[in-house]
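Protein chains get the first letters and strands the later ones, always in sequence-line order, with residue 1 at the start of each.
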Amino acid sequence: MSSRSSELEEKWQRRWYSSRIHEAEMDDRPKFMLIFAYPGVTGYLHVGHMRGYTYVDAIARYKRLEGFNVMFPVGTHATGNGAISLAARIARKDQKTIDYLCGNTCPLEMLDELKDPIKVVEFFNDVYVNQYWKRFGFLSDWRRFTSTINKDYQMFIRWQFRKLMQRGLLIQKPYFAPACVSHGPVAIDASETDIQCGGGAETVEYTLLKFKCDDMYLVAATLRPETVFGQTNFWVNPEADYVKVNVNGEVWVVSEAAFNKLTYQKDGLERLEELKGVDLIGKKCVAPMVHRDILTLPADFCDPNVGTGLVTSVPSDSPDDWISLRALQKDDATLLRFGLDPDDVRAIKPIAIIEMKGWSSLPAVEVTEKMGIEAPGDPRLEDAKKLVYKEGFHTGRMNETAGQYAGLPVMDAKERMKQVMLASGEADVMYDLSETVTCRCGEPVVIKRVDDQWFIDYANLEVTEAAKEQARSMDIFPAEYHTNIHAVLEWFRERACVRQGNWIGTRFPFDEKWIIEAISDSTLYPLYYAISKFANDGRLKAEQMTEEFFDLVVLDKGSFEKVSEVTGVSVELLHQIHDEVHYWYPLDMNLGGKEHMTVHFPAFLMNHVAILPPEMLPKGIFVNWYIVGKGGKISKSKGGAQPIPGAAEKYGVDALRLYYAHIASPFADVEWDNEAVESYTARTEKMERTLLDLMTLNGMPNEVDGWLISRMASRVLRVRDQMKGYDLRSLATEIYFEAFNDLRWYQRRGGSNAVTVARAMDMLLPLMMPITPHTAEELWESSGRNGMVSSAAFPQVKENDVDLAKERAEEYLKAMMNDANEILKVTGIKPSRIMLYTSATWKYRVMKMALDLSAKNELQIPTLTKAAMTDQEVRGHGKGASDYARKLAEEFMKRSASELERIGQSFDEHAFLSGCLDFLSEEYNCHVEVHVAGEPGTPDPQGKSRQAVPGRPAILVE
RNA sequence: GCGGGGAUAGCCAAGCUUGGUCAACGGCGCUAGAUUGAGGGUCUAGUCCUUAGUGGUCCAAGGGUUCAAAUCCCUUUCCCCGCACCA
């Protein structure tokens with residue numbers, strides 16, 4: 001089957017592309033422009049990635065049905081180091097990389113070429129377009145394809161940055177960034193493209209506390225500057241090597257390792273003499289902020305590689321400090337060895353400084369007791385520290401020892417006290433990595449100060465406000481993100497936008513040593529798709545895309561003649577480009593994965609708002625979640641990572657497209673599951689078979705024809721409604737499941753009319769086109785329709801197509817059959833005769849009374865009973881009548897008005913069932929008859945007919 | 001830490017914005033019957049309990065609002081995700 005589907009896919013793709021229906025040109029229709037956030041060129045993609053891309057193509061196709069002139073361009077994002085590192089791995093003949101490439105679709109003889117990163121990008125651009133997007137039948141305008149390392153694209157980015165500068169949004173200030181000591185800037189991320197290990201590391205900011213000690217400062221590093229009021233002593237590792245450093249005239253003492261790190265962060269450091277830790281023990285030093293003399297004591301837990309290798313001791317709140325202090329106080333031998341006065345040391349007591357809900361005033365003491373930690377070096381100290389720190393940070397408040405900071409929450413006091421100590425010169429700052437990071441070259445990665453780092457000022461109030469304002473009026477899906485994006489924009493701050501080092505991308509126009517970083521060159525780019533076509537077909541040269549050029553075609557600044565003169569682009573072409581830009585923009589929809597919510601989407605919005613006029617601002621954002629492998633990421637070993645072309649071959653493209661559209665809400669992760677995908681292959685085939693089958697029918701119309709038309713028409717209207725929110729899943733449910741069931745039922749009920757089937761197909765096939773375009777085209781063609789369904793219009797529905805009475809009647813029949821099945825199941829009878837009794841006429845009268853009373857808001861048990869009993873015909877039925885009235889009143893009083901309206905729409909049940917007798921006899925393979933309950937002479941051997949009520953016939957099986 | 005999302009029947013997964021048509025779409029799995037030379041596939045029915053059908057209990061747990069709650073409110077427990085020089 002799959003080879004057949006591959007053939008069909010190829011056939012229709014060839015037709016679409018050769019008839020050029022995918023190419024977007026201006027005309028007088030309303031336009032709709034949508035993109036997916038282009039993927040980074042980092043290697044082969046897997047089936048999970050196609051989810052979002054497929055949504056975009058399906059939405060694009062749906063918008064075509066609605067009569068929009070749709071622009072759906074694609075591109076790739078090649079900025080960064082992905083291609084470089086891949087090329088490097090190929091160059092050094094890394095076997096894993098070679099297996100990976102050749103195991104996919106890379107021919108062996110390509111490898112040599114791929115040592116060049118640019119070739120890597122070109123290679124994957126081709127893979128993405130031809131093996132993924134065209135393979136899936138996307139109606140994208142391929143002529144507009146662009147990639148971020150293209151010369152012309154880069155001209156656009158340089159222009160964008162000029163505009164940001166003119167808007168005052170580029171700022172320069174020092175920055176502390178990870179860098180290899182020999183290679184310069186590197187990226188630390190979990191995928192570890194730049195580095196060998198340490199992908200999980202974070203940059204941490206230590207506060208350096210300076211303790212005056214003789215003519216030098218002992219410098220401790222802490223993450224908890226707010227605890228200075230609880231300092232009781234100072235820790236030195238007696239075994240470690242320390243070094244005296246001249247820092248702008250002050251003499252600091254730090255570990256050898258810390259000195260190395262500081263050299264990347266501070267200027268003018270001068271290394272003086274070395275010291276042994278042991279030499280620093282037993283001294284007095286002055287604690288910052290509190291200005292108390294405290295004693296320097298030995299502690300093994302001071303790691304010279306962490307912070308400065310010197311630690312201030314706060315035994316009240318630091319489990320390490322408390323345990324070490326207590327151990328030392330009991331350890332006469334050590335006290336003696338370091339010549340410490342035991343009385344002095346034993347006099348040290350923790351000082352309570354922070355109040356925490358549910359904790360004693362000395363949390364470090366409490367937590368170590370609870371956990372039974374006795375000795376320094378206990379691995380559980382790490383947990384104890386985390387626990388106390390976390391609790392303290394959130395629930396803690398400074399107590400009265402904190403003087404002017406008393407009563408402040410810890411999280412506020414921390415920052416305030418740090419700032420005060422920095423201002424007074426008692427403290428400084430040092431950055432470090434939370435774990436060891438090693439560069440690909442083997443050298444360590446450190447935090448390095450960059451003095452002239454450029455940032456985009458996303459904290460800018462005016463732009464932030466404008467972006468928030470714009471977001472309010474946009475279509476943003478899911479709705480939660482529409483709400484949340486305001487907080488994200490608020491939280492968005494300056495972002496380093498250029499970098500140096502091993503990186504491909506666009507040169508920063510104001511200083512060519514910088515290369516624009518990967519997020520920053522992909523924010524305004526959708527606009528460029530309106531222009532890329534002209535660069536791609538050679539009519540426009542990259543060097544002609546000057547600032548004046550973009551100012552003119554995008555911002556309407558300057559004159560066509562003048563720009564033509566300067567750039568050599570003809571006035572006509574300038575007009576054409578200008579008009580295209582303004583025809584296609586604004587962007588109607590930008591779709592991207594959930595990872596973009598806190599980075600790309602806010603940056604995308606801010607850049608648009610900062611640079612473009614209001615009428616060109618984006619109108620929609622759609623966020624999609626992922627397809628994941630079992631237990632998280634898709635991985636080769638677990639079977640989800642199959643290459644896209646392979647999956648297309650195996651399951652069929654339409655089945656995959658239906659799978660993406662229907663398997664779950666776009667706003668939830670989905671576990672890839674081969675069986676689930678197979679079921680969509682089966683579903684696609686069943687749908688096709690059923691429709692082909694129906695097309696062969698050529699019988700007379702009967703009572704179900706109107707029903708089928710009504711069902712189809714109702715579904716078309718519902719789809720139109722649901723697709724206002726781009727709800728592809730509902731579309732899939734309506735068409736591939738609900739309408740499918742309707743078609744089945746139509747056949748089962750004896751429907752066989754060619755005219756009816758043709759009308760149903762007119763409604764269904766166009767709505768199949770967005771999700772399963774190849775199947776829809778094939779059916780469109782084999783049913784003799786003209787042209788291609790991909791260019792068809794939205795199905796016409798006439799007002800009287802929908803006939804709710806017919807729909808209700810069939811529902812009634814199905815419900816009756818359910819009841820009958822239930823009885824047959826429970827009794828185990830194999831029926832020889834089935835008797836149906838529709839409700840006695842007087843019950844309809846009572847129901848009418850109940851509805852009337854309810855409409856007047858007067859429905860009560862007594863009012864209905866009374867009304868019923870004043871009616872001559874009803875009254876004749878005595879107790880049965882009053883019982884029914886009471887039951888009905890009880891039930892109706894619980895119902896809403898709309899429900900009652902639905903219930904109240906009765907039809908001639910007897911006539912309807914009479915028309916169904918042949919069908920029913922066939923279904924149950926026995927004689928079936930229908931009677932009206934209570935009519936004289938009605939055969940009713942078991943008295944079942946009394947149970948019949950309006951809408952629910954009584955049933956007797958024999 | 002900051003921010004966000006979730007918990008629905010054997011499994012996956014809709015519904016929750018706008019309470020009532022919800023015993024709760026759909027799919028998978030399972031059971032039975034039909035079809036087929038077996039198998040597979042396809043079709044039909046069933047798949048919480050109960051029952052000659054209009055009954056009961058249910059949507060993480062507990063409480064509340066309401067004539068009415070999977071849906072609204074509160075509390076608790078447990079899971080997951082994103083977070084800037086990574087795309």
Side-chain angles (χ1 to χ4, degrees), chain A residues 37-42 77 79-82 175 177-178 185-194 199 389-390 393-394 411 453 455 458 478-481 483-484 487-488 491-499 501 503 516-520 522 592-600 602-603 625-626 632 662-665 667-671 673 675-676 678-680 682-683 685-686 689 729-730 732-733 736-738 741 744 748 811 815-829 887 891 893-899 902-903 923 942 944 947 949 951-952 954-957:
Chain A
Y38 50 22
V41 185
T42 51
H77 186 260
T79 308
N81 55 13
Y175 183 62
V186 293
I188 295 183
D189 70 302
S191 60
E192 301 189 338
T193 46
D194 273 5
Y389 185 89
K390 197 175 155 185
F393 185 77
H394 288 287
M411 57 182 102
Q453 174 70 47
F455 294 80
Y458 289 124
E480 290 79 9
Y481 188 50
T483 314
N484 184 234
V488 177
W491 160 86
F492 220 51
R493 21 176 232 274
E494 301 98 352
R495 183 189 170 89
C497 62
V498 294
R499 55 168 291 156
W503 195 259
I516 293 167
E517 159 287 325
I519 302 298
S520 305
S522 51
K594 62 179 177 180
E595 78 277 19
H596 292 115
M597 286 197 288
T598 48
V599 184
H600 170 253
W625 267 238
Y626 302 150
H662 186 260
I663 186 71
S665 151
F667 318 124
D669 286 336
V670 170
E671 234 175 62
D673 172 0
E675 283 184 22
E678 279 161 18
S679 80
Y680 284 97
R683 172 64 51 173
E685 289 168 2
K686 278 196 269 192
R689 248 197 333 270
R729 187 175 196 271
S730 290
T733 301
Y736 299 91
F737 294 91
E738 303 288 351
N741 285 337
R744 280 268 176 70
R748 190 168 159 198
E811 287 312 306
M816 183 238 104
M817 289 172 73
N818 267 334
D819 278 347
N821 289 339
E822 180 80 10
I823 295 166
L824 292 174
K825 186 183 99 183
V826 169
T827 58
I829 295 173
K887 236 177 107 184
E891 196 197 324
M893 284 190 309
K894 282 195 212 160
R895 303 282 170 181
S896 66
S898 62
E899 271 184 295
R902 197 174 43 82
I903 294 168
E923 285 286 315
Q942 291 183 31
K944 294 281 180 202
Q947 295 174 3
V949 293
R952 189 154 200 179
I955 301 166
L956 169 66
V957 300

Nucleotide B/A84, atom P - distance to CZ of A/Arg499 in whole Å: 14 Å
Aromatic ring pairing A/His77/A/Tyr38, orientation class (parallel under 30°, perpendicular over 60°, tilted between): tilted
Within the 4.0 Å heavy-atom criterion, would you say A/Ser730 contacts the bases, only the backbone, or no part of the nucleic acid? nothing
Give A/Arg748 one of three labels, base, sugar-phosphate or nothing, depending on what nucleic acid heavy atoms sit under 4.0 Å from its own. sugar-phosphate
With a 4.0 Å cut-off on heavy atoms, is A/His662 in touch with a base, just the backbone sugar-phosphate, or nothing at all? sugar-phosphate
Straight-line distance of A/Gln947 CD to A/Asp819 CG, nearest 0.5 Å: 10.0 Å
Measuring from A/Asn818:CG to A/Lys825:NZ, what's the distance to the nearest 0.5 Å? 10.5 Å
Ignoring backbone atoms, establish whether A/Lys686 has a side-chain N or O less than 4.0 Å from OP1 or OP2 of B/C43. yes
Within-4.5 Å side-chain heavy-atom neighbours: A/Lys686 and A/Arg744: yes
Whole-Å distance between B/G26 P and A/Glu738 CD? 7 Å
Measure from CD on A/Glu685 to P on B/U42 and round the result to the nearest Å. 9 Å
Close side-chain approach of A/Met597 and A/Asn484, heavy atoms under 4.5 Å: no
Mind checking A/Ala676 for me? I need base, sugar-phosphate or nothing, with any heavy atom below 4.0 Å counting as a touch. nothing
Considering only the P atoms, how many Å lie between B/C78 and B/G26, rounded to the nearest integer? 35 Å
Please give the distance between the P atoms of B/C43 and B/G55 as a whole number of Å. 33 Å
Under a 3.5 Å cut-off for both distances, is B/A52 Watson-Crick or wobble paired, and to whom? none
At under 4.0 Å between heavy atoms, what does A/Ser665 touch on the DNA or RNA strands: base, sugar-phosphate, or nothing? sugar-phosphate
Between protein and nucleic acid, restricted to nucleotides 16-20 of chain B and to nitrogen or oxygen atoms under 3.5 Å apart, what atom pairs and distances do you find?
unit_1, atom_1, unit_2, atom_2, d
B/G20, O2', A/Glu899, OE1, 2.5
B/G20, O2', A/Glu899, OE2, 2.6
B/G20, N2, A/Lys894, O, 2.6
B/G20, N3, A/Lys894, O, 3.4

Atom OG of A/Ser522 and atom CD1 of A/Ile516: how far apart are they, to the nearest 0.5 Å? 11.0 Å
Taking atom C1' in both B/C72 and B/A87, compute the distance separating them and give it to the nearest angstrom. 41 Å
Measure the distance from CE on A/Met597 to C1' on B/C2 and round it to the nearest whole Å. 14 Å
Mind checking whether A/Trp625 and A/Pro478 have side chains closer than 4.5 Å, heavy atoms only? yes
In whole angstrom, give the distance that lies between atom CZ of A/Phe455 and atom P of B/A84. 14 Å
Listing time: all N or O pairs from protein to nucleotides 32-35 of chain B that are below 3.5 Å?
none

For the C1' atoms, the ones on B/U71 and on B/C16, what distance do you get once it is rounded to whole angstrom? 4 Å
Contact class for A/Glu595 vs. all strands (heavy atom < 4.0 Å): base, sugar-phosphate, or nothing? base
With a cut-off of less than 4.0 Å, is there a side-chain N or O of A/Asn818 near OP1 or OP2 of B/G46? yes
So does A/Lys887 have more than 12 non-hydrogen atoms from other groups sitting under 6.0 Å from NZ? no
Quantified in whole Å, what is the P atom distance between nucleotide B/U21 and nucleotide B/A38? 46 Å
RNA chain B: A/Glu480 or A/Glu675, which has the more 5' nearest nucleotide? A/Glu480
Quote, to the nearest angstrom, the P distance that separates B/C28 from B/C74. 39 Å
Note: A/Trp491 and A/Thr598 closest approach over all heavy atoms is CZ3-O, 3.8 Å
Respond yes when some side-chain nitrogen or oxygen of A/Arg493 is under 4.0 Å from OP1 or OP2 of B/A84, and no when none is. no
Nearest-angstrom distance, P atom, B/G27 to B/C48: 15 Å
Both A/Val949 and A/His600 contact RNA chain B. Taking the nearest nucleotide for each, which residue is further toward the 5' end? A/Val949
What are the two closest heavy atoms between A/Trp503 and A/Thr79, and how far apart are they? NE1-CG2, 3.7 Å
Provide, to the nearest angstrom, the distance between the CD1 atom belonging to A/Ile663 and the P atom belonging to B/G27. 12 Å
Nearest 0.5 angstrom please: A/Phe455 CZ to A/Arg495 CZ, how far? 10.5 Å
Taking atom C1' of B/A14 as reference, at what distance in whole Å does atom CZ of A/Phe667 sit? 14 Å
Closest nucleotide among B/A84, B/U42, B/G82 to the A/Arg744 side chain: B/U42
Candidate nucleotides B/A14, B/A84, B/A87, ranked by approach to the side chain of A/Phe492 - the nearest: B/A84
Pull out every protein N or O sitting under 3.5 Å from an N or O of nucleotides 50-53 of chain B, one pair per line with the distance.
unit_1, atom_1, unit_2, atom_2, d
B/U51, N3, A/Glu822, OE2, 2.8
B/U51, O4, A/Glu822, OE2, 3.0
B/A52, N6, A/Val957, O, 2.9
B/A52, N1, A/Val957, N, 2.9
B/A52, N1, A/Val957, O, 3.4
B/G53, O2', A/Asp819, OD1, 3.4
B/G53, N7, A/Gln947, OE1, 3.4
B/G53, O6, A/Gln947, OE1, 2.4
B/G53, O6, A/Ile955, N, 3.4
B/G53, N1, A/Pro953, O, 3.4
B/G53, N1, A/Ile955, N, 3.4
B/G53, N2, A/Asp819, OD2, 2.9
B/G53, N2, A/Pro953, O, 3.0
B/G53, N3, A/Asp819, OD2, 3.4

Pairwise C1' distance for B/A70 and B/C59, with rounding to whole Å: 5 Å
Check the pair A/His662, A/Tyr736 against side-chain hydrogen bond (donor to acceptor under 3.5 Å, both in side chains), reporting the backbone distance first and the verdict last. CA-CA 9 Å; A/His662 186 260; A/Tyr736 299 91; over 6 Å; no
Straight-line distance of A/Ile829 CD1 to A/Ile823 CD1, nearest 0.5 Å: 8.5 Å
Nearest heavy atoms of A/Ser665 and A/Arg729, plus distance in Å: N-CD, 3.9 Å
Base, sugar-phosphate, or nothing: which does A/Ala664 touch, judged by heavy atoms less than 4.0 Å apart? sugar-phosphate
Roughly, in whole Å, what's the span from CG in A/Leu824 to C1' in B/A45? 11 Å
Identify the two heavy atoms, one from A/Tyr481 and one from A/Pro602, that lie closest to each other, and give their separation to 0.1 Å. OH-CD, 3.9 Å
Taking any strand in view, what nucleotide pairs with B/A34 in a Watson-Crick or G-U wobble way, both distances under 3.5 Å? B/U42
Mind checking if A/Trp491 touches a base, just sugar-phosphate, or nothing, with heavy atoms under 4.0 Å? base
